[in-house]
Amino acid sequence: MKTILENTEELDEFAARFARMQAAVWKVNDENGWWDKRRVMKSLLNEGGHHYEPHLAIELLGLASTEISEAIEAARKHHRDDWGDATTKDTMVRECAGTVLRLMDLCEYFGLPLGEAIIAEVRANQGRGHKHGGKAA
């Protein structure tokens with residue numbers, strides 16, 4: 001039996017479903033008003049001859065980083081048995097999910113295929129060997 005990483009059909013399905021979810025995540029954020037100010041800033045900066053995209057990417061990556069910091073805090077604050085509680089706000093798994101959602105939002109806006117990149121990265125890691133040739137971390 002093939003593993004998922006050996007099954008091209010399953011990988012294609014994962015990438016397609018992930019792309020649909022990524023689009024849905026962005027749409028929810030847009031409908032909730034998170035992109036309103038960003039559109040105004042893009043328009044103003046672009047009119048002034050400035051490129052807004054690098055600034056926006058940095059802002060969105062910073063938000064993802066904040067979610068990781070919140071996951072660290074959740075690891076400190078909660079008992080290990082509670083880390084995986086997906087129904088309670090501020091647990092480690094929910095903060096990790098928030099990180100993924102922030103990255104999906106960023107990637108959807110910039111047209112980046114995150115699901116496909118995840119597959120490519122896992123496949124690349126498969127070929128790197130034990131600790132990627134002796135790396136410490």
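Everything numeric in this text was worked out from a predicted model, so none of it was measured.
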(message) Running the 4.5 Å side-chain criterion over Ile, Leu, Val, Met, Phe, Trp and Tyr, what cluster does V28 land in, apart from itself?
(response) none
(message) Tell me every residue that passes side chain to side chain donor-acceptor pair (under 3.5 Å) with D12, counting only those two or more places apart in sequence or in another chain.
(response) none
(message) Counting C-beta onward and ignoring hydrogens, is there a side-chain heavy-atom pair between L61 and L106 closer than 4.5 Å?
(response) yes
Would you give me the side-chain donor-acceptor pairs under 3.5 Å for residues 14-25, sequence neighbours excluded?
unit_1 : atom_1 : unit_2 : atom_2 : d
R17    : NE     : E13    : OE2    : 3.1
R17    : NH2    : E13    : OE2    : 3.0
Q22    : NE2    : E108   : OE1    : 3.2
Q22    : NE2    : L112   : O      : 3.0

(message) Listing request: all salt bridge (Lys or Arg N to Asp or Glu O under 4.0 Å) pairs with a residue in residues 87-97, at least two apart in sequence or in separate chains.
(response) none
(request) Show your reasoning for whether side chain to side chain contact (heavy atoms under 4.5 Å, CB included) applies to L11 and L5. (result) CA-CA 7 Å; L11 291 175; L5 295 173; 4.2 Å; yes
(message) Can you list, by chain and residue number, the hydrophobic cluster partners of L44 when the side-chain cut-off is 4.5 Å?
(response) V40
(request) Verify the neighbour count for atom NZ of K27: are there more than 12 heavy atoms of other residues, nucleotides or ligands below 6.0 Å? (result) no
(request) Kindly compute the distance separating CD (E53) from CZ (F110), expressed to the nearest 0.5 Å. (result) 6.0 Å
(message) What's the separation between atom CG in L45 and atom NE2 in H55, rounded to the nearest 0.5 Å?
(response) 6.5 Å
(request) State plainly whether one hydrophobic cluster holds both V100 and M92, where clusters connect Ile, Leu, Val, Met, Phe, Trp and Tyr through side-chain heavy atoms under 4.5 angstrom apart. (result) no
(message) Please enumerate all residues that pass side chain to side chain contact (heavy atoms under 4.5 Å, CB included) together with E121, with sequence neighbours excluded.
(response) N125, R128
(message) Check this for me: E9, atom CD, are more than 12 non-hydrogen atoms of other residues, nucleotides or ligands nearer than 6.0 Å?
(response) no
(message) If the condition is side chain to side chain contact (heavy atoms under 4.5 Å, CB included), which residues does D81 pass it with, not counting sequence neighbours?
(response) H79
(request) Nearest 0.5 Å please: distance from the SG atom of C107 over to the CD1 atom of I118. (result) 8.5 Å
(request) With sequence neighbours left out, write down each residue that passes side chain to side chain contact (heavy atoms under 4.5 Å, CB included) with R38, or none if nothing qualifies. (result) W34, W35, Y52, L56, E59, L60, L63, D105
(request) Could you grab the distance from atom CG of D36 to atom CG of N29, nearest 0.5 Å is fine? (result) 11.5 Å
Show me, pair by pair, the donor-acceptor contacts under 3.5 angstrom made by side chains of residues 65-75, not counting sequence neighbours?
unit_1 : atom_1 : unit_2 : atom_2 : d
T66    : OG1    : G62    : O      : 3.0
S69    : OG     : S65    : O      : 3.3

(message) Return the OG1 to NZ distance between T91 and K77, rounded to the nearest 0.5 Å.
(response) 9.5 Å
(message) I'd like to know whether M104 forms a side chain to side chain contact (heavy atoms under 4.5 Å, CB included) with L101, so could you lay out the CA-CA distance, the side-chain angles of the two residues, the decisive distance to 0.1 Å, and finally the verdict.
(response) CA-CA 5 Å; M104 291 171 90; L101 293 179; 4.1 Å; yes
(request) Name all residues meeting the side chain to side chain donor-acceptor pair (under 3.5 Å) criterion together with R80; count only those two or more places apart in sequence or in a different chain, and write none if there are none. (result) none
(message) Test of understanding: with side chain to side chain contact (heavy atoms under 4.5 Å, CB included), list the residues that count as partners of E47, not counting sequence neighbours.
(response) S43
(request) Quick one: closest heavy-atom pair of L103 and A64, and the distance? (result) CD2-CB, 3.8 Å
(request) Using side chain to side chain donor-acceptor pair (under 3.5 Å) as the criterion, list what pairs up with D30, not counting sequence neighbours. (result) R39
